[in-house]
Amino acid sequence: MKVKALTGNEAAVEALRQINPDIFAMFPITPSTQIPELFDELIAQKKVDTVMIRTESEHSAISAAHGAALAGARVVDATASQGIALKHEILYITAGSRLPVVMLVANRALSAPLNIHADHSDTMGSRDAGWLHLYSETVQEVYDTVIQAFRIAEHKNVLLPIIIGFDGFTVSHAVSRVEVLEDDEVKNFVGKYVPEHSVLDTEHPATFGLFALPDYYMEYRRQVRQGMCEAKNVIISVGQEFGKKFGRNYGLVDNYKMEDADVAAIVIGSTSATLKDTVDELREKGIRAGVLRVRSFRPFPSAELRQALMYVKAVAVLDRADSPGTPGGPLFADICSALYGMHVQPVLVPNIYGLGGRELMPDDAMSLFKMLLETVKNGKPPNEELFIAVRKKGSVL
Amino acid sequence: MNNVKIPTLKELETAEPAFYGGHRLCAGCAEGTIVRQVLDAARYAEFDGAKTDLKDPYPVVVGVATGCLEVATTPCPYTSWGVPTLHNAFENVAATMSGVVEAYSVMRKKGRLASKKEYRFVAFAGDGGTYDIGFQSLSGALERGHKFLYVCLNNEGYMNTGIQRSSATPYGAWTTTTNAGKVEWRKNLTEIIAAHGIPYVAQAAPFSTKPRDLYEKVGRAFEAEGSAFMNILSPCSRGWRFPEGDTIKLARLAVETCYWPLFEIIEGKWTLNYKPKAKMPVVEFLSAQEKFKGVLGDKEKVAYIQNRIDQEWQTLLTKCGV
Ligand SMILES: Cc1ncc(C[n+]2csc(CCOP(=O)(O)OP(=O)(O)O)c2C)c(N)n1
Ligand code: SF4
């Protein structure tokens, strides 16, 4: 083990160097561009023997990744924002074809207005494509998750592509202390990928990507859901095995001081760190606050959430993506459905924060918990404003 | 590049086909005929004096874009393909094949493939999937130079969705989105592809007056070091409105009228493959189908078409040094 100072993008590339995938299909977009750039340097220095396909668009990058995966190769792609939106059509096809492509996403807002900073609108827009979604809080977690991702996606009961999301700039470009494993530790953990079927298998010629009518289509889509269900156990067991070997455990959710929490915030990604600090401050004052970070958004950890929220009185659900015309963001919708039918439910407060890279500051986090305490007192939230830390019409923040 | 060896039709009869009958293409569709011709050539073409071996074909991997061919040949749980075949979407068969080809090269280098024989890769797409929505993906793949043959099955319209106009649809033609006749001239895609500077580009037609022309072109396409492109006219009985038995007649009329000349561009050098002894008037081609019904009664329009076909033919002759 070595300790290095790396950004999220650099940590992802370090893991990829150690894994040495067969194919990297790329197209540049901020803030993920550094990943293929740095990886290209490794190719030039002959430190990996991956072939990079430098395509003319994200649509073609995922299409090339799809083709390479059909050929039985271990495949990586990296993108963000508009790139995800452009790939959208093919994301469904890659999942429906059960191809374990690994895609690194430095999460970024979608236009308009044009914006290059962090939020989760990009991957949330494709949340039902059938890809697994694992979101990291820290640079260390990005590194660790890239290593776990291949094992999870390629597992014979899963065979689904996976998105590894991390906040653009806040994680992709922020330098952190990272514990880097030895090359052979990573290689042994990830293992070899031997696909059951390949379009290069001319001894057993098969047709991939059939046209399926109402008599067959649903069975295919149901199998995608089955793979997604199986993925829950696989994510947990791979995360535990990783923990046993290397000391850092991972699961579907990251519960922080939730055991006895009266109030809690649920969040995805790096903002969890700010909330954890705030919780520490509140705990010093004797307030029982907690944070629940959803690491696995697909598959969605419904049972784990029910378990963790059973005795919590008020919960703020923080979405870094909006779903206009609905009560909150995509995370809120899924939490509501996960808790539906519980005898005693916490009061759930939807919030939209951090769009286009506006960070949630410690003061914002403190106000959020104060709002929750008031909610507990009154049995309902003090106001119905969904957006936090935003200038409202007619007033200046 | 002229010593390509392809088995005779008689010999091919004895080989196991790579594309089976029983598919759902319309009666009189040229697409199935072209696919058989392309795959037979891809599997058996040899060069430089090597002998063709009907018992040991080249491993061929096929990519198909969404369109008539894909829909008619892969209705789950059936397939017409005897070789590994993939379909991804409408506009991305070139990009998808670029992934397959590169994965093949990596895996071959890493010793993860059983077959010692070199693979051959073929992509098929309609003119919609090639001239229009798939144009970017194709252009990108050709610029990157992946070693594969891209075949455009040019039936001059979006047939799978019910005969809509494409940029390959000819001037004056009826489609369901040009009910008054198309007002624009077709895009000269073959020339645009040639401008990519790839080693092999050709125009062909199924069993035209030179029946082996298409086979030999496929052979030469695989002799090329890099990407190859063939634009193959694919008469469509349904969309062009002609009797099912006239498919090859239409292909031949297109060639004999110089509406669809046969030529190839090898390493930048243009070659005319066939010069009709007496160039037929284009109206012979136009009147053999019903899609030009709207222009046939209009002398000016027919003259305009003849004029542009003549000009294009002259330009082609000059390019080919004829
Ligand atoms: C992105 C997208 N847009 C539209 C379609 C609908 N569509 C399927 S096939 C097709 C036309 C195919 O035309 P062409 O490529 O010329 O092939 P043909 O069917 O004529 O052989 C269209 C419009 C689609 N499948 N995907
Ligand atoms: S519509 Fe035309 S191209 Fe499509 S299958 Fe029928 S004849 Fe062939």
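All chains are named by letter (A, B, ...) in the order of the sequence lines, taking the proteins before the strands, and each is independently numbered beginning at 1.
In terms of heavy-atom pairs under 4.5 angstrom with chain A, the leader among B:Tyr104, B:Tyr119, B:Trp81 is B:Tyr119. Looking only at heavy-atom pairs under 4.5 Å with chain B, the residue among A:Gly96, A:Ala69, A:Ala61, A:Gly72 that has the most is A:Gly72. Taking chain B as the reference chain and counting heavy-atom pairs below 4.5 Å, the highest number among A:Ser57, A:Ala65, A:Ala25 is found for A:Ser57. Of the residues considered (A:Ser63, A:Ser60, A:Ala68), A:Ser63 shows the highest number of contacts with chain B, using heavy-atom pairs under 4.5 Å. Note on B:Gln136, B:Met107, B:Glu102: by heavy-atom pairs under 4.5 Å with chain A, the leading option is B:Gln136. Contact count versus chain B (heavy atoms, under 4.5 Å) is highest, among A:Leu213, A:Leu70, A:Ile90, for A:Ile90. Contact tally against chain B (heavy-atom pairs below 4.5 Å) for A:His204, A:His59, A:Arg74, A:Glu203: the top residue is A:His59. For the set A:Asp215, A:Leu200, A:Ile23, the entry with the most heavy-atom pairs within less than 4.5 Å of chain B is A:Leu200. Among B:Thr79, B:Val61, B:Val71, the residue making the largest number of heavy-atom pairs under 4.5 Å with chain A is B:Val71.
Contact of A:Tyr220 with chain B is made through the side chain alone, with heavy-atom distances under 4.5 Å. When heavy atoms are compared at a cutoff of 4.5 Å, B:Val83 approaches chain A solely by way of its backbone atoms N, CA, C and O. Heavy atoms closer than 4.5 Å to chain B are found in the backbone of A:Ala206, but not in its side chain. If you measure heavy-atom distances from B:Glu91 to chain A, the contacts under 4.5 Å come from the side chain alone. Within the 4.5 angstrom heavy-atom criterion, only backbone atoms of B:Tyr78 (N, CA, C, O) approach chain A. At a 4.5 Å heavy-atom cutoff, B:Met97 makes no contact with chain A through either its backbone or its side chain.
More than 12 non-hydrogen atoms from other residues, nucleotides or ligands lie less than 6.0 angstrom from NZ of B:Lys117. Under a cut-off of 6.0 angstrom, the local environment of CZ in A:Arg225 is sparse, with at most 12 non-hydrogen atoms contributed by other residues, nucleotides or ligands. Counting non-hydrogen atoms of other residues, nucleotides and ligands closer than 6.0 Å to OH of A:Tyr217 gives a total of 12 or fewer. Atom CD of A:Glu182 has more than 12 heavy atoms from other residues, nucleotides or ligands within 6.0 Å. More than 12 heavy atoms of other residues, nucleotides or ligands sit less than 6.0 Å from atom CZ of B:Arg108. Within a 6.0 Å sphere centred on CD of A:Gln45, other residues, nucleotides and ligands contribute more than 12 heavy atoms. Atom CD of A:Glu196 is surrounded by 12 or fewer heavy atoms from other residues, nucleotides or ligands within 6.0 Å.
Between A:Asp22 and B:Val106, the shortest heavy-atom contact is O-CG2, 3.7 Å. Annotation for B:Val100 and A:Gly67: closest pair CG2-O, 3.4 Å, computed over non-hydrogen atoms. Residues B:Thr74 and A:Leu210 come closest through the heavy atom pair O-CD2, 3.4 Å.
Of the N and O atoms on the side chains of A:Glu56 and B:Ser139, not one donor lies less than 3.5 Å from an acceptor on the other residue.
Looking at A:Ile53 and B:His146, their side chains come closer than 4.5 Å, going by heavy atoms from C-beta outward. A heavy-atom distance below 4.5 Å is not found between the side chains of A:Val194 and B:Arg112. Between A:Tyr216 and B:Pro77 there is a side-chain heavy-atom pair separated by less than 4.5 Å.
Here B:Lys110 pairs with A:Asp49 in a salt bridge; the nearest charged N to carboxylate O distance falls below 4.0 Å.
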Take A:Thr207 and B:His87, measure what side-chain contact (heavy atoms from CB on, under 4.5 Å) needs, and give me the verdict at the end. CA-CA 8 Å; A:Thr207 299; B:His87 160 248; over 6 Å; no

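Going from atom CD1 of A:Ile93 over to atom OG1 of B:Thr96 covers 8.0 Å, rounded to the nearest 0.5 Å.
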